[in-house]
Structure formats: structure tokens, C-alpha cells
Amino acid sequence: MPELPEVETIRRGLEKVLPGRKISKVDVRYSGSIKMPTVSKFTAKLPGRRVIKIGRRGKYLQIFLDNESVLVIHLRMTGKLIFSFTPLTIDKHTHVIFTFSDHSVLYFNDIRKFGTIYWLPIKRMYEIKGLACLGPEPFSPEFCPGYMAEKLAKKKTTIKAVLLNQEFVAGLGNIYVDEALFRAQIHPQRAAASLTQKEMAALYRAICEVLQEAINCRGTTMSDYRDATGAYGGFQQLLRVYRRSGKACLVCGYPIERIIVAGRGTHYCPNCQK
DNA sequence: AGCAGGACCTGATGGC
DNA sequence: TGCCATCAGGTCCTGC
């Protein structure tokens with residue numbers, strides 16, 4: 001579920017509380033969540049490590065530890081990281097529990113069990129394929145209309161499929177792709193290579209704007225998403241097309257449609273988006 | 001090479 | 001109420 005704005009919101013929440021804390025106990029209740037190393041090594045060797053800082057790359061969260069190692073966490077669709085100064089009730093969706101030496105706790109919950117956790121030396125982070133293959137961060141100088149022009153010219157698929165591809169740009173997911181395409185007035189099924197310079201400039205601007213506004217709102221909560229303190233996001237109030245099928249376009253009044261593009265539910269205004 | 005579609009899981013929702 | 005089908009914000013693998 002969480003896309004860049006949600007992961008960034010979680011990162012900021014954890015950055016306020018985790019640095020300096022020392023892990024005293026690790027409890028893995030669903031072993032499928034731990035991709036690296038083995039579960040027994042994970043639980044035996046993590047205690048004693050201290051958190052240095054919290055990073056993010058695309059939708060990957062990075063918890064840097066004091067021995068040049070890092071916990072890399074991907075929340076996929078329904079994963080949550082909840083920090084509490086005191087223990088909380090655990091349920092069947094609580095898969096990993098990190099307890100710190102002052103008895104504060106970090107819970108990894110995930111209804112659909114798609115989320116993944118890796119622990120490895122920083123210098124081996126490239127072994128996580130999805131992380132190694134990530135395209136530029138949307139707010140980095142590398143991501144710009146010129147970069148888009150060069151990449152899009154070679155693509156033979158729809159613009160929506162390209163925006164969802166993390167190798168093109170890191171951090172976009174289904175919600176923000178639909179919202180960015182609406183703001184740029186581009187139809188999601190347009191051939192990526194058919195965009196004009198002007199459209200690419202508008203799309204670049206729309207991507208940065210929608211992500212920044214969503215970060216300012218602390219993310220979008222449709223159903224499952226919560227930040228590190230358990231709080232909802234607020235951007236769902238500002239969505240213009242996502243899950244608004246049948247409702248009037250906020251610009252022209254035409255009904256928003258829902259179709260499938262790149263295998264995903266896609267929302268757009270047939271009148272505004274060409 | 002690059003893309004579409006299924007697989008991975010569970011829960012919510014809507015139709016009959 | 002119960003059963004079934006469909007849908008869900010992401011990535012990885014397979015096969016075309």
C-alpha cells in the first residue's frame with residue numbers, strides 16, 4: 001500500500017524516536033517476513049545493536065545500525081511499522097516485534113504478509129534486487145524533464161506502466177500515478193513515447209507536486225495505512241480521481257471512469273485527459 | 001529485451 | 001445469514 005509519501009512519513013516518525021535506542025529482543029512470529037539472513041540469526045544477533053538513523057530509498061525504509069549494518073523494510077500493500085513507548089496488544093497480524101532496552105517497542109504488522117525485512121551489512125545492500133534497480137528519487141536533480149524524454153522515447157508501453165515501474169522513477173504507486181496523470185491532463189493509456197515535450201514538463205511538475213502535497217498531508221489512508229504513531233494520513237481528502245469513478249470531475253464535471261491499465265485499477269477523466 | 005499476467009496472502013464488500 | 005466472486009495501494013517470476 002504505502003507509496004513514497006507514506007514511507008517518508010513513517011521515516012520521519014521513526015527518526016524522532018529510534019536513533020540511540022538499543023535493541024534488546026527480537027521476536028519473529030511469521031518467519032516469511034524475514035528474507036535475510038535466517039530467522040535464527042536474525043533473532044540471535046540483532047539484540048545489542050543500536051539504531052543510528054532512519055533512511056528511505058523509493059518505498060524501502062532503511063534502519064541503519066551501529067555496526068555498519070542496516071535493516072531494510074518494504075511494507076508492500078498492507079505492512080505497518082508502529083512504535084510505542086510501552087507494549088501494545090499483539091494480534092495475528094503482528095509478525096515481528098523489536099523490543100528496545102528501555103522497553104519501548106517497534107511492531108511490524110502486515111495483514112497480507114507481503115511485506116519483507118532484510119538485515120545485512122550496508123555494503124551488501126545491492127543484493128536486494130529491487131533496491132539496487134531503483135530509478136532516481138523524484139525530488140533528485142537526476143529526475144527532470146530531460147531524463148524523462150530520454151527514457152520515454154525508448155518505451156513501448158503505456159505511460160501508466162512506465163510510471164509504476166520503479167526503475168524509471170522510485171516511489172510512485174497506483175494512487176499517485178493516477179493523480180499525477182490527471183493533473184498533467186494525460187490519458188493513462190497513452191503510449192509513453194508519444195508524449196510531447198510540453199506534456200513531459202507538465203507530468204514532471206505534476207509528479208513532484210502531488211508527492212510533495214501528499215507528504216505535507218502525511219500520506220493517504222484508504223483503509224490500512226497508518227504512520228509510525230498509528231495516525232491516519234490526510235491526503236485522501238485531496239484525491240482528484242483515485243477511487244472517484246462515477247463522480248463528477250472536479251475540473252469539468254464529466255464522470256470519472258475506471259478502467260484497467262497495466263493490470264491495475266485506473267481512474268481518469270475521459271474529458272480532461274487526452 | 002521488454003512486456004503482460006499470474007503468484008504471493010488475507011480481508012472487505014457486494015450480489016444472489 | 002451464508003456463500004461466492006471480485007477487488008485491494010506492490011513486487012517478483014514466468015513465459016510469450
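To find a chain, count down the sequence lines: A is the first, B the second, and so on, and within it residues start at 1. Hydrogens, waters and symmetry mates are skipped; everything else that's a heavy atom, side chains included, is used. From a predicted model like this one, the values you see are computed outputs, not experimental measurements.
No cation-pi contact links A:Lys35 to A:Tyr118, judged by a cut-off of 6.0 Å to the six-membered ring centre and 45° from its axis.
Within a heavy-atom distance below 4.0 Å of DNA chain C, no residue of residues 177-188 of chain A is found. Residues from residues 126-137 of chain A with heavy atoms under 4.0 angstrom of DNA chain B: there are none. Of the residues in residues 148-155 of chain A, not one comes within less than 4.0 Å of DNA chain C through any heavy atom.
Rounded to an integer number of Å, the gap from CG of A:Leu75 to C1' of C:dT11 is 13 Å. Between the CD1 atom of A:Ile260 and the P atom of C:dT6 there is a distance of 12 Å, given to the nearest Å. Protein atom CD of A:Glu167 is 14 Å distant from nucleotide atom C1' of C:dC13, rounded to whole Å.
In the hydrophobic clustering, where aliphatic and aromatic side chains (Ile, Leu, Val, Met, Phe, Trp, Tyr) are joined below 4.5 Å either directly or transitively, A:Ile82 groups with A:Leu88, A:Ile90, A:Ile97, A:Val105, A:Tyr107. Under a 4.5 Å side-chain heavy-atom cut-off, the cluster of Ile, Leu, Val, Met, Phe, Trp and Tyr residues that includes A:Ile111 has no other member. A:Val251 belongs to a hydrophobic cluster with A:Phe182, A:Val241, A:Ile256, counting contacts under 4.5 Å between side-chain heavy atoms of Ile, Leu, Val, Met, Phe, Trp and Tyr, direct or through other members. Chaining together hydrophobic side chains whose heavy atoms lie under 4.5 Å apart places A:Ile259 alongside A:Val261, A:Tyr268.
In this structure A:Lys160 satisfies the salt bridge (Lys or Arg N to Asp or Glu O under 4.0 Å) test together with A:Asp178, sequence neighbours excluded. In this structure A:Phe98 satisfies the ring-ring contact (aromatic ring centres under 6.0 Å, His included) test with no other residue, sequence neighbours excluded.
For residues 231-256 of chain A, every residue pair satisfying the side chain to side chain donor-acceptor pair (under 3.5 Å) rule, not counting sequence neighbours, is listed here: A:Arg226-A:Tyr232.
OP1 and OP2 of C:dG10 both lie 4.0 Å or more from every side-chain N or O belonging to A:Gln166.
The same atom, P, is picked in B:dG11 and in C:dT11; the two are 22 Å apart, to the nearest Å. Between B:dG6 and C:dT6, the two P atoms lie 13 Å apart (nearest whole Å).
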- prompt: Which nucleotides of nucleotides 4-11 of chain B have their base under 4.0 Å from a protein heavy atom (B), which only their sugar-phosphate (S), and which neither (-), written as one string 5' to 3'?
  reply: S---BBBS

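Counting non-hydrogen atoms under 4.0 angstrom, A:Phe235 reaches nothing in the nucleic acid.
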- prompt: Which string of ( ) [ ] | and . matches DNA chain B, if you list each base 5' to 3' and count Watson-Crick or G-U pairs only when both distances are under 3.5 Å?
  reply: .|||||||.|||||||

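Under the side chain to side chain contact (heavy atoms under 4.5 Å, CB included) rule, A:Leu61 has a single partner from A:Leu14, A:Ile117, A:Val72, which is A:Leu14.
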